[in-house]
Amino acid sequence: MAKHIILLSLVALSFSLLACAFEPSPLQDFCVADSTSSARVNGQPCKNPALVQASDFSFSGLHLPGNTSNPNGSKVTPVSVAQLPGLNTLGISMVRIDYAPWGINPPHTHPRATEILTVLEGSLQVGFVTSNPDNSLITKTLQKGDVFVFPVGLIHFQRNVGTGNAVAIAALSSQNPGVITIANAVFGSKPGISSDILAKAFQVDKSVVYQLQAKF
């Protein structure tokens, strides 16, 4: 009898830990984001269901190529809760990424989402770096139809290694995954991080830090 009680207690504890580790499922059919509300919640407040329309659940434009005429040679077209209010609370979003020849989607992280990417056209070198202390680079060259996953929170990148344009579609496990582009965050923060800190962190002269900050 005592063994059964201990077993039941362990099962109950396991379910309790699982409940704490994952976000709860939505408690209604949908919660279309109300962009006009001034309420502040973890996510966005719900629009009155009586006012919901089909347009709240649709987005048009992913067939259009992004403008890659920029220093990185890439363009990300997001479809998150900001563009598609019906995604609110559903824990999913997507992006289209266009790359000019040798264009890059620079090293960045998504603090709230795992990403799974599919190559639609072209060849992409992709990779992510594991956390300290190993900092191992996991990288692979993908062809049309190949899929790769970037674990949540890890720094990752893509580079077009073909001579033509490349296109990818990626899905993310959050309606608002967030993005932190490493170079922009480190060298383009407002106000700027002290040059003393950055020079010591990157083991370079302050003049190098000034040059990098000027670019962001």
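Nearest heavy-atom pair across Ala39 and Ser37 is N-OG, 3.1 Å. Smallest separation of non-hydrogen atoms from Pro191 and Ser189: O-OG, 3.0 Å. For the residue pair Pro177 and Ser93, the shortest heavy atom distance occurs at CD-OG, 3.6 Å. The heavy-atom pair separating Gln175 from Leu90 by the smallest distance is OE1-N, 3.7 Å. Considering every non-hydrogen atom in both Ala113 and Ser173, the closest pair reads CA-OG, 3.5 Å. Nearest heavy-atom pair, Leu198 versus Gln213, reported as atom, atom and distance to 0.1 Å: CD1-NE2, 3.6 Å.
Hydrophobic clustering (side-chain heavy atoms under 4.5 Å, transitive across Ile, Leu, Val, Met, Phe, Trp, Tyr) keeps Val129 apart from Val186. Tracing side-chain contacts under 4.5 Å through hydrophobic residues (I, L, V, M, F, W, Y), one reaches Phe128 starting from Leu117; they form part of the same cluster. Phe216 and Val209 fall within a single hydrophobic cluster, where Ile, Leu, Val, Met, Phe, Trp and Tyr side chains are chained together by heavy-atom contacts under 4.5 Å.
When atom types are taken as modelled, the side chain of Asn88 and the backbone of Gln44 share a donor-acceptor pair closer than 3.5 angstrom. A donor-acceptor pair under 3.5 Å is formed between the side chain of Thr130 and the backbone N or O of Ser136.
Identified under the disulfide (SG to SG under 2.5 Å) test for residues 61-158, with sequence neighbours left out: none. The list of disulfide (SG to SG under 2.5 Å) pairs with a residue in residues 124-197, not counting sequence neighbours, is empty.
Checked options Leu124, Leu142, Thr141; the residue passing with Val161 is Thr141 (criterion: side chain to side chain contact (heavy atoms under 4.5 Å, CB included)).
Defined by atom type and a distance below 3.5 Å, a donor-acceptor pair is missing between the side-chain atoms of Ser174 and Asn176. For the 3.5 Å distance criterion, the side chains of Asn135 and Asn132 qualify, holding a donor opposite an acceptor. A donor atom on one side chain and an acceptor atom on the other are found under 3.5 Å apart for Asn67 and Ser69. Defined by atom type and a distance below 3.5 Å, a donor-acceptor pair is present between the side-chain atoms of Asp205 and Ser207.
The shortest distance between side-chain heavy atoms of Ile97 and Gln158 falls below 4.5 Å. Two residues are said to be in side-chain contact when any heavy atoms from C-beta on lie closer than 4.5 Å; Ser74 and Asp98 fail this criterion. In this structure, Arg96 and Val76 have side chains that are not in contact, with every pair of non-hydrogen atoms separated by 4.5 Å or more. Annotation: side chain of Val79 is not in contact with side chain of Val95 (no heavy-atom distance under 4.5 Å). Looking only at side-chain heavy atoms (C-beta outward), Gln125 and Thr139 come within less than 4.5 Å of each other. When side chains are defined from C-beta on, Lys144 counts as touching Glu121, because their heavy atoms get closer than 4.5 Å.
Qualifying side-chain hydrogen bond (donor to acceptor under 3.5 Å, both in side chains) partners for Lys47, counting only residues two or more places apart in sequence or in other chains: Asp56. Listed by chain and number, the residues in a salt bridge (Lys or Arg N to Asp or Glu O under 4.0 Å) with Lys200 amount to none (sequence neighbours excluded). Evaluation of the ring-ring contact (aromatic ring centres under 6.0 Å, His included) rule for Phe57 yields Phe30 as partners, not counting sequence neighbours.
Note that the CG atom of Asn72 and the CZ atom of Arg159 stand 13.0 Å from one another [nearest 0.5 Å].
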Identify every side-chain donor-acceptor pair in residues 145-157 under 3.5 Å, counting partners at least two apart or on other chains, and give the distances.
{"unit_1": "Asp146", "atom_1": "OD2", "unit_2": "Gln143", "atom_2": "N", "d": "2.7"}
{"unit_1": "His156", "atom_1": "ND1", "unit_2": "His108", "atom_2": "O", "d": "3.3"}
{"unit_1": "His156", "atom_1": "ND1", "unit_2": "Leu154", "atom_2": "O", "d": "2.9"}
{"unit_1": "His156", "atom_1": "NE2", "unit_2": "His108", "atom_2": "NE2", "d": "3.0"}
{"unit_1": "His156", "atom_1": "NE2", "unit_2": "Glu115", "atom_2": "OE1", "d": "3.0"}

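For an aromatic pair to be called close, the ring centres must be under 6.0 Å apart, and Phe187 with Phe202 satisfies this.
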